[in-house]
Structures are given as structure tokens and as C-alpha cells.
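Let me begin by presenting the structure, written as C-alpha cells, before commenting on it.
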Amino acid sequence: MIKINNICCIGAGYVGGPTMAVIADKCPNINVNVVDIDEERIKKWNDKNLKNLPIFEPGLAEIVDRCRDINLHFSISVEEKIYEADMVFISVNTPTKKKGLGAGKASDLRWVEESARQVAKFSSGHTIVVEKSTLPVRTAEVIQNILRSAEQDNHRRGISFDVLSNPEFLAEGTAIEDLEYPDRVLIGGDNINAMNALHSIYSRWVSKEKILFTNIWSSELAKLTANAFLAQRISSINSIAAMCEATGADVREVSRAIGTDSRIGSKFLDSGPGFGGSCFKKDILNLVYLAEYFGLNEVANFWQSVVNLNNWHQNRISKLVVKKLFGTVTGKKIVVLGFAFKANTNDTRESAAIQICKDLIDEGADIWIHDPKVSKLQIEKDLEMAPIEQLEEIKENKLLSKIGKWRFSKSLDIFDKAHAVLMLTEWKEYKNIDWIDISKKMMNPAWVFDARSITDPSKVESANLNLWRVGDGTSK
Ligand code: UDX
Ligand code: UDX
């Protein structure tokens with residue numbers, strides 16, 4: 001039985017950070033080192049003030065507080081920590097390629113390849129390399145090839161490797177809970193000793209029947225498939241939301257009705273502003289790319305349509321806002337509640353809010369954005385535009401009222417003279433908004449656009465506000 005004493009994880013991101021924190025917490029006798037090339041990020045992981053951790057996840061700060069500098073360490077000492085490790089997790093990002101072969105669809109594997117090269121160069125003895133990043137099928141082959149050449153290198157005598165695939169199924173916002181109580185842990189590989197070594201880590205807190213062994217390619221494909229199926233459900237229900245609005249049905253009632261069918265199940269049937277997050281789109285596009293590569297064009301088209309529907313749905317929401325506000329939003333104040341791609345995270349990657357806000361700014365709107373966890377700087381990066389107070393035209397007093405603009409507010413005292421409120425993230429602080437009070441401050445007539453079904457329609461309507469809710473064909 002291979003005994004694991006030292007783990008190194010390359011990549012201190014939304015996946016690597018929480019996953020390693022939970023492993024350290026559950027396995028006090030294993031020393032866990034999380035390394036990253038991003039010095040700023042590592043500084044934040046080591047910040048004494050736990051509010052400054054680079055990632056917001058409920059329950060994460062408590063674990064970091066318990067384990068940090070005991071058996072959980074964050075550093076930029078990539079080479080040294082690889083050298084010391086018996087097991088190296090690769091958890092670096094794999095964004096969609098921007099140029100070259102497969103641009104716009106295939107994953108850019110340069111960081112994974114670079115990580116494998118670092119392991120090949122700096123490891124000692126036997127090392128089990130674990131793919132944690134979600135990767136296109138057969139990526140393990142790339143890693144294996146790099147490691148095999150190191151094994152055959154005369155200058156690197158005595159080193160050897162095994163490669164496993166161990167995709168992470170955590171969802172942001174519930175990462176700690178998902179890691180502590182996973183539906184399953186998937187371990188793909190071809191060497192039973194290495195697989196057992198990883199099994200022995202998870203089995204400290206996960207029951208044995210939930211730890212599944214597969215071959216390495218099934219494991220890689222299962223992860224892409226899980227994300228594709230989940231995203232497909234959201235596009236399906238969002239397509240039905242548009243049908244509901246057209247026919248007088250209510251998507252919440254339809255979801256409830258179909259969700260009680262045990263074959264369908266009730267989860268992932270909430271219509272919203274369109275799925276976001278770093279994985280769904282990227283993973284489906286990967287599947288599309290792979291299908292095209294293998295000449296399976298119908299398969300590629302099928303999955304591509306899930307992404308197309310999502311894009312269309314986001315665009316439909318911004319168009320609808322313009323239409324309801326008498327065909328123009330130029331110069332109109334619109335309060336946007338929520339910028340994160342879902343509640344309980346500060347992550348904005350692929351958030352529906354990005355495209356919707358950009359569209360409204362293009363139409364000339366004056367957008368006031370609130371989010372409890374996302375920073376102004378992050379929003380600026382996502383919108384690729386400075387907030388109003390930094391615009392040169394404003395400084396020079398030359399701003400034309402026709403120019404679309406945005407600003408950020410930490411407080412919720414932002415409804416004065418607003419023409420509309422657009423709810424894009426389901427943060428709990430938005431659930432108890434006092435609409436009667438707010439309606440007194442807003443313009444008349446004013447609109448509430450609820451893309452997350454978090455308002456109580458009777459309360460909004462009794463405040464004399466017009467309400468649009470996603471998939472609600474019953475409202476006027
Ligand atoms: C990412 C992918 O999005 C996901 O598909 C995959 O499953 C795991 O990696 P995430 O953890 O959310 O998920 O990414 P991110 O928060 O960007 O973290 C990746 C980290 O890797 C970054 O901190 C980056 O600095 C680091 N990195 C990248 C390295 O340490 N070395 C590299 O060579 C490249
Ligand atoms: C997803 C997968 O759930 C997770 O297993 C995988 O490891 C990574 O990708 P994540 O992207 O963090 O996790 O969040 P998730 O909860 O899946 O939500 C993704 C998007 O779908 C969000 O924008 C969310 O708001 C949206 N969504 C989710 C809906 O619109 N309706 C739903 O019913 C569920």
C-alpha cells in the first residue's frame with residue numbers, strides 16, 4: 001500500500017484551494033502544500049485577516065483558520081513542494097483557447113502541460129500525479145507522455161510516476177459542503193495501487209461505496225458529461241420559461257410539476273438569467289470540439305445548441321428590459337442587483353450579468369450595480385470599462401447624457417429616481433427588500449425585472465411597481 005504523507009497541489013484557485021483545505025482538515029497526518037505562480041493570490045491565502053482570503057466560500061475561512069500553518073500551507077515554492085510530495089494534484093485553470101487550432105472551443109492546456117513538465121523536472125522518488133482540473137478526454141495521455149520521458153531521462157534516475165484522473169464536482173458557494181458530503185468521488189486510473197492510495201485519503205470521510213473506480217478516459221469524460229447534462233437542464237428550463245411567458249403558463253409551476261417525476265428529479269430546474277460559471281460553457285464547448293474532431297457532427301450540434309440557447313436567453317433579457325422601458329433606456333437609471341454568477345460566491349466568470357450589463361450600457365443606460373461580494377475592480381475588468389467616476393469625459397464635464405455608464409455601490413441605498421431594478425443573482429439580502437419603501441424613491445412608472453424568482457410578486461405589485469419575472473406568463 002502506497003502511503004501518502006505529503007501532498008502538493010498546483011493551483012490555489014476556486015477548486016484547488018477549498019479541496020486541499022478539506023483534505024488537510026480531514027487528514028491531520030498529511031502535510032498539504034498548495035502552490036501557485038500568482039504571488040498576490042498566495043499572499044491573500046496567508047492573510048491573517050480571514051476576510052481577505054482570495055475566495056469566498058461559506059465554511060472555508062473556519063477550515064483555513066484550523067489548519068493553516070499546521071498541515072495546510074500556501075506558498076509560491078512550486079519546485080520545492082513538488083520535490084517533497086508523494087502525490088501532486090494539478091488544479092490549474094484550463095480556459096477556452098482564444099487562438100490557434102480549436103480557438104473558441106478547445107481548452108487551452110498550456111498550464112496543465114507546464115505543470116506536468118514541472119513535476120517531471122522537480123519530483124523525487126515515486127509520485128502519483130492527479131488530474132483535478134476538468135480536462136478534455138485523453139489529456140492524461142499528454143501528462144503521461146511528459147512524465148514517461150522524464151522516467152527515461154538518465155539524469156533523473158529513480159523517479160517514477162502514476163497518473164490518475166480525479167475530477168472535482170464541487171459547485172461554488174457550496175464547495176465545502178460538496179467536498180465534505182460528496183455524491184461520489186471518481187478515481188480513474190490503470191494502476192490499482194495508485195488508485196488505492198488516493199482512495200485511502202477520501203475514505204477518511206467518504207463512505208467506500210461512494211468512491212468509484214473507472215478507467216482514466218471514463219473518468220475524464222464523466223466530468224464533462226456531468227457538467228453538460230446539468231447545463232442542458234438549465235437551457236431546457238430556460239427555453240420553457242420563454243414558452244411560459246408566451247402562453248400564460250408559469251415556469252415555477254411547470255418545474256414543480258415535472259420535478260416530482262422521480263425520473264426527472266427536482267434539482268437544476270430553476271429558470272434564471274442563463275447559466276454562468278467557469279465550467280459549464282467551457283466544458284460543453286470542449287465536448288463539441290471533441291465530437292467534431294471524431295466526425296460526430298450531430299453530437300457536436302446537439303451540445304452546441306445548449307450554449308446557443310444560453311446566449312440567446314441572456315440577450316432576450318436585456319432586450320426585454322429595453323422594450324418594457326418604452327423602447328429606450330438611454331439616460332435611464334437601472335439598478336442591477338447581483339453580479340456574481342450565482343449566490344454565495346465572489347466569482348463572476350461567465351456571469352450572465354456581464355453580457356446583460358454590457359448590452360444595457362450599449363443602449364445608453366445608467367447602471368448602478370450592487371453585489372455583496374464582488375469588488376468594483378472585478379466588475380470593471382468584466383465590463384472592460386471604467387466606472388463613471390473614472391471616465392475622462394466626466395472629469396472634464398463633457399459627459400453626454402446619452403453615453404451608457406455604470407457605477408458600483410456597496411450600499412443598497414441606490415433606488416432614488418431609478419426607472420428599473422434588475423435582479424440577476426439570488427443573494428439572500430435581496431429577498432427581503434421593502435418594495436413599498438423603495439417604490440417611493442423610484443420613478444413612476446417603474447419596473448422590477450426579477451430574473452431569479454426571488455421576489456414575492458404580491459409585495460412588488462402592492463407597491464405599485466410593474467413586475468416581470470422570468471417564465472411568468474401570468475403577469476401583465
Ligand atoms: C480551474 C478550471 O476553471 C477548472 O475547469 C478546473 O477544473 C480547475 O481549474 P479554478 O480553480 O476555478 O478552476 O481556477 P482558478 O481559480 O483560475 O485557479 C487556477 C490557479 O492556477 C490560479 O490561481 C493560477 O494562478 C494557478 N496557476 C496557473 C498556477 O499555479 N500555475 C500555472 O502554471 C497556471
Ligand atoms: C458546476 C457544477 O455544478 C459542479 O458540479 C462542477 O464541479 C462545476 O460546475 P458551479 O458552476 O460552481 O458548478 O455552479 P452551479 O451551481 O452548477 O451553477 C452554474 C450556473 O447555473 C449558475 O449560473 C447558476 O445560477 C445556474 N443555475 C443553476 C440555474 O440557472 N438554475 C439552476 O436550477 C441551477
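FYI, the numbering just counts along the sequence from 1. Predicted, not measured: the structure shown is a model, and the values here were computed from it. For ligands, and for the atoms within them, numbers begin at 1 and follow the listed sequence.
- The residues Glu62 and Arg66 are annotated as not salt-bridged, no charged nitrogen and carboxylate oxygen being separated by less than 4.0 angstrom.
- Below 4.0 Å from some heavy atom of Asp38 lie the following atoms of ligand 1, by number and element: 25 (O).
- The NZ atom of Lys43 sits 4.5 Å away from atom CD of Glu40, with the distance rounded to the nearest 0.5 Å.
- Listed by atom number, the atoms of ligand 1 under 4.0 Å from Gly13 heavy atoms are 11 (O), 15 (P), 16 (O), 18 (O).
- Take Asp456 and apply the side-chain hydrogen bond (donor to acceptor under 3.5 Å, both in side chains) test, not counting sequence neighbours, and it matches Ser458.
- In terms of polar-atom proximity, defined here as any N/O pair under 3.5 Å, Val35 makes no such contact with ligand 1.
- For ligand 1, the polar-atom distance check against Arg41 finds a nitrogen or oxygen pair separated by under 3.5 Å.
- When all heavy atoms of Phe161 and Ala150 are compared, the pair lying nearest together is CE1-CB, 4.2 Å.
- Within 4.0 Å of ligand 2, counting heavy atoms only, the contacting residues are Glu168, Phe169, Leu170, Ala171, Glu172, Lys223, Asn227, Leu230, Ile234, Phe268, Leu269, Asp270, Phe275, Gly276, Cys279, Phe280, Phe341, Lys342, Arg452.
- Taking Trp468 as the reference, nothing meets the ring pair (Phe, Tyr, Trp, His ring centres under 6.0 Å) condition, with sequence neighbours excluded.
- Taking any N or O of Asp36, backbone or side chain, at least one lies under 3.5 Å from an N or O belonging to ligand 1.
- A salt bridge is absent between Glu253 and Arg256: the closest approach of a Lys/Arg side-chain nitrogen to an acidic carboxylate oxygen does not fall below 4.0 angstrom.
- For Asn33, there are no side-chain hydrogen bond (donor to acceptor under 3.5 Å, both in side chains) partners at least two apart in sequence or on another chain.
- Taking the side chain as every heavy atom from C-beta outward, Ile37 and Ile76 never approach each other to under 4.5 Å.
- Taking the ring axis of Phe449 as reference, the NZ or CZ atom of Lys324 does not stay both within 45° of it and closer than 6.0 Å to the ring centre.
- Here is the list of ligand 1 atoms found below 4.0 Å of a heavy atom in Thr94: 5 (O).
- Near Ser91, meaning under 4.0 Å from any of its heavy atoms, are these atoms of ligand 1: 9 (O), 19 (C).
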